[in-house]
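Sequence lines set the chain letters: A, B, ... in the order given, protein chains first and strands last, and positions in each chain run from 1.
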Amino acid sequence: MELSKNFQHQQAENQWYNHWEKKGYFKSTPDEREPYTIVMPPPNVTGILHMGHALNNTVQDILIRRAKMMGYNTCWVPGTDHASIATEAKVVGMLRERGIDKKTLSRDEFLGYAWEWKEKYGGIILEQLRKLGCALDWDRTAFTLDEDYYASVIRVFVDLYNKGLIFRGVKMINWDPKAKTALSDEEVNHKQMNSKLTYVKYRIDSDKEEYITIATVRPETILGDTAVCVHPEDERYAHLKGKYCIIPIANRRVPIIFDDYIDKEFGTGALKVTPAHDINDYNLGIKHNLEVIDTIAEDGTMSDAAGPYAGMDRFAVRKKIVEDLKELGLVVKEEDYTNQVGFSERTDVVIEPRLSMQWWCKMGDLAKPAIDAVADGDIDFHPAKFKNLYRHWMENIKDWCVSRQLWWGQRIPAWYDAEGTIYVAKTAAEAHEQYKAKKPALAAEKPEMRQEEDVLDTWFSSWLWPMEVFDWNKTPDNKDLAYYYPTNTLVTAPEIIFFWVARMIMAGYEFKGQLPFKEVYFTGIVRDKQGRKMSKSLGNSPDLLKMIDDYGADVVRFSVMICSPAGNDVLFDEAGLDQGRNFCNKMWNAMKLVKGWEARVADGVEDSQVSFALDWMDARLAEVSGEVAELMKDFKLSEGLKTVYSLIWNDFCSWYLEWVKPAMDAPVSAHVYERTISVFEQLLQLLHPFMPFVTEEIYHILRTRAEGDDLINKQLPAYSAPTAETLKQGTMLQEVISAVRDTRNKSQLKPKEEIELWIDTQHRAFYERTIDILRKQVNAMQVGFTTEGKHGSLSIVVNTDKLYMIMPNATAVDSGAQKEEMQKEIEYLKGFLLSVEKKLNNEKFMANAKPEVVASERKKHQDALNKIKALEESLG
RNA sequence: GGAAGCAUAGCUCAGCUGGUUCAGAGCAUCUGCCUUACAAGCAGAGGGUCCGCGGUUCGAACCCGUGUGCUUCCA
């Protein structure tokens, strides 16, 4: 077979993904094995693959593929989230482009368009996950707005309502004037803004001309003011007790109230109170029984209550009213001021606090078992630091606003009769039954029942995800649910710990009576090299699909994972792409080298020379496999990848292959060839979860494989404990080789120039075992043993062995620098020796230190002495 | 305003129960090599007051206190 110069990802990746899928390797059905289950955090159905998805899904794929190799029956469930606000906004936008105004459509017509949009674009992100290599069980693909899922959400709502945990009420909510819907607190992002603090004086209603000055960053809300509030102990305003003042422009007479909520230091110490448009003012209003005047309409324009400004945009009014107040001479001054302003997570417009009738879910009781589950370790968080954050939030949990003024989503199953009585039921028919039972006198008439227009918050459906993907609602006793639930690992971003993770835990206990997953792994947030969060607006988010096209999915996965320290944010650096690409080529070329031996394999070739290399490589493989297993268990995936990378590049390619590499055109022993292929396979296997395509490809080129012999399915072997002696000798051999090469370099020897090497050592057996490797690796024509120095040589000391290097072709040997260096080393060692001796002579140390520490200090002492001796002898 | 986390090489980070596996890895840098798998490579090297200060200890990158700087979450 003709092998290309480098690894070609395009064809290989497509081919292998199709092969795996066709073979049904991604599919899972319950069997006698232990399951390992992950439910994918469903991306928004509107989504396209970005770095966050790439990280999150690569992590999951690594866990799934590794678990599969460890013998688990793995099941990874894909799906999408209907994402009510985001999707509805997209559909509205699409309609606008087609010249259709949402307002002219009925609910059903709109939903028709929405489903059409979903069918057309909704699967894009799932297709993109295939490109990434994700081993997802596609037959299980779920969607949070599917018919069965819908029914489940409705059931849960009715259930909570009947338990008294859902209620309807007017509260101050976060209003998104663009999407025209309520948002939960979690959907609001606070940003620091440069605002203007405007000082406005309100006239006191008295005979004298006197004023009270307030400061505000939102002057447009002045029209909704229904009081001015000052601190009861503020002497400046003590004389105003029982007085009233006049709201300018509105010319409304409002009371001056006293409350110790006021911060005397802020502004003028006098606060304008607008119960309709600020949560704190609202609370004050309740306390002091104030009137509520709503001056801002649902679209962010001023309402009729705003008098002359009715219909104008809130921000336009903010400017205009200040101008008008200035004309009236009521503006005292304006100051620059930075404050926190809430923005809608979905539409990025400024949130308007607004009073509104919404549906709420009481969370306190639901939270209790969920708090305990994490505190008691029934659910593990990685990294553990998120446990605190979780507990803190859960213990201060507030009622959840679950209604949204949208159409795309589960419509709240509540019906109102003509008198406004509420009936919550799964269906209209059931609501009708309730009506008949409740109002028997009217039962004969056909009641006019009107269903609630609002839909439920998207998270009110996705909190059921781990149960509902296994069809909990419709067939609660089904085999899959019993087998796969609770799932094993949830992999998600810390940003949605409250939105989603906490609520899934609550839902799991409340409805299924069981935790939804056993552990949660929080990935970092993907940032750019400068540490900025990747975002569309900054334009610092690389085009993932282009990257996959250019470099291949393996390389993209590599580059994301290599810079994903456990528990920290990911500073994505495109340099990782080159590193990953180079790594693929390294393996590809190693494969070409080994493949090239195939035709030269012969029986009876003497291979004793390389038996050490084989033993050492086996030992390293066993050792590092153990390290990787530990790292993976602790979710140190990045470390795990680095470890495998280094094992392949350094141990296997740089050392092992060079050690066993036959001379040009020399035959290769069948034994060496076989074991080299075998080691290569095991290395590929360790790497496969991280880089599935290139490993599968090379695996298949290394040998002709039987049908079904694919790397993805290969079970990890149990390694016997590596021989410590072999490992130690390997390290020693490397040290000797490096030391000689260093000396060669410093003597400016050309790589082709041969040397003679004479060794004065106590470890003769070790050198005899490795002497052929050593000769080859330092390009020596001869390596021999001696018990005395060699004239005309450079001496090298490695550990306590003395090596003498002779360069036959070098005209003059300048050993001055060499000697100086050795002298320096002696100095250093003597200092070191002193510090060790000080310890050993310290009675307190000898009394308090652990015996093994004392022993190790003694050994250090002896080693240092030996080394100094060797160096001194070497110097002559 | 409340809370948490972080600070180690130019960059990104490891560093367990305090003790030479303790100052380490990768990338970047420098030097020499087109050596018969790979120049997208090979070989070798240099580089750090472990943020400052104080304490505990025979012994501190690690524990405690404090200061400074940064990040995140909540209000």
Who does A61(B) pair with, Watson-Crick or G-U, both distances under 3.5 Å?
none
ring-ring contact (aromatic ring centres under 6.0 Å, His included) between F690(A) and Y645(A), worked out:
CA-CA 10 Å; F690(A) 299 94; Y645(A) 171 84; over 10 Å; no
Q579(A) has its side chain closest, among C27(B), G44(B), A37(B), to C27(B)
Using Watson-Crick geometry (N1-N3 plus N6-O4 or O6-N4) or G-U wobble (N1-O2, O6-N3), each under 3.5 Å, C38(B) is paired with none
Heavy atoms under 4.0 Å, any strand shown: does S646(A) hit a base, just sugar-phosphate, or nothing?
nothing
If pairing means Watson-Crick or G-U wobble with both distances under 3.5 Å, then the partner of C50(B) is none
What protein N or O atoms touch nucleotides 40-42 of chain B N or O atoms at under 3.5 angstrom, if any, and at what distances?
| from | atom 1 | to | atom 2 | distance (Å) |
| --- | --- | --- | --- | --- |
| A40(B) | O4' | N582(A) | OD1 | 3.4 |
| A40(B) | N1 | N585(A) | ND2 | 3.2 |
| A40(B) | N3 | R581(A) | NE | 3.2 |
| A40(B) | N3 | N585(A) | ND2 | 2.4 |
| G41(B) | OP1 | N582(A) | ND2 | 2.9 |
| G41(B) | O3' | K586(A) | NZ | 3.2 |
| C42(B) | OP1 | K586(A) | NZ | 2.6 |
| C42(B) | OP1 | W649(A) | NE1 | 2.8 |

Side chain of L389(A), heavy atoms from C-beta onward: which of G44(B), C73(B), A37(B) has the nearest atom to it?
C73(B)
Taking only Lys NZ, Arg NE, NH1 and NH2, and the carboxylate oxygens of Asp or Glu, determine whether E674(A) and R703(A) approach each other closer than 4.0 Å.
yes
Please determine, for A43(B), whether a Watson-Crick or G-U wobble partner exists with both distances under 3.5 Å, and give it or none.
U31(B)
Can you tell me how far P in U49(B) sits from the matching atom in G10(B), rounded to whole Å?
8 Å
What nucleic acid atoms does A590(A) come within less than 4.0 Å of, heavy atoms only: base, sugar-phosphate, or nothing?
base
C62(B) versus A14(B) - spacing of their C1' atoms, nearest Å
14 Å
Can you tell me the base-pairing partner of C70(B)? Count Watson-Crick or G-U wobble geometry only, both distances below 3.5 Å, and say none if there is no partner.
G5(B)
Please work out if N848(A) contacts a base, only the sugar-phosphate, or nothing of the nucleic acid, heavy-atom cut-off 4.0 Å.
base
Can we call the ring centroids of W659(A) and W616(A) under 6.0 Å apart?
yes
Review item, nucleotides 28-35 of chain B N/O atoms under 3.5 Å of protein N/O:
| from | atom 1 | to | atom 2 | distance (Å) |
| --- | --- | --- | --- | --- |
| C33(B) | OP1 | K750(A) | NZ | 3.4 |

P atoms of U8(B) and G46(B), separation to the nearest Å:
23 Å
Name the nucleic acid region contacted by K398(A), choosing base, sugar-phosphate or nothing; use a 4.0 angstrom heavy-atom cut-off, strictly under.
sugar-phosphate
Between the protein and nucleotides 20-25 of chain B, are there any N/O to N/O pairs under 3.5 Å, and if so, what are the atom names and distances?
| from | atom 1 | to | atom 2 | distance (Å) |
| --- | --- | --- | --- | --- |
| U20(B) | O5' | K860(A) | NZ | 3.3 |

From C-beta outward on R741(A), which listed nucleotide comes closest to its side chain: G44(B), C58(B), U36(B)?
G44(B)
From C-beta outward on N589(A), which listed nucleotide comes closest to its side chain: G26(B), C38(B), G15(B)?
C38(B)
To the side chain of K385(A), which of G5(B), G44(B), A14(B) is closest?
G5(B)
When you measure from the centre of the six-membered ring of W655(A), is the NZ or CZ of R620(A) under 6.0 Å away and within 45° of the axis?
no
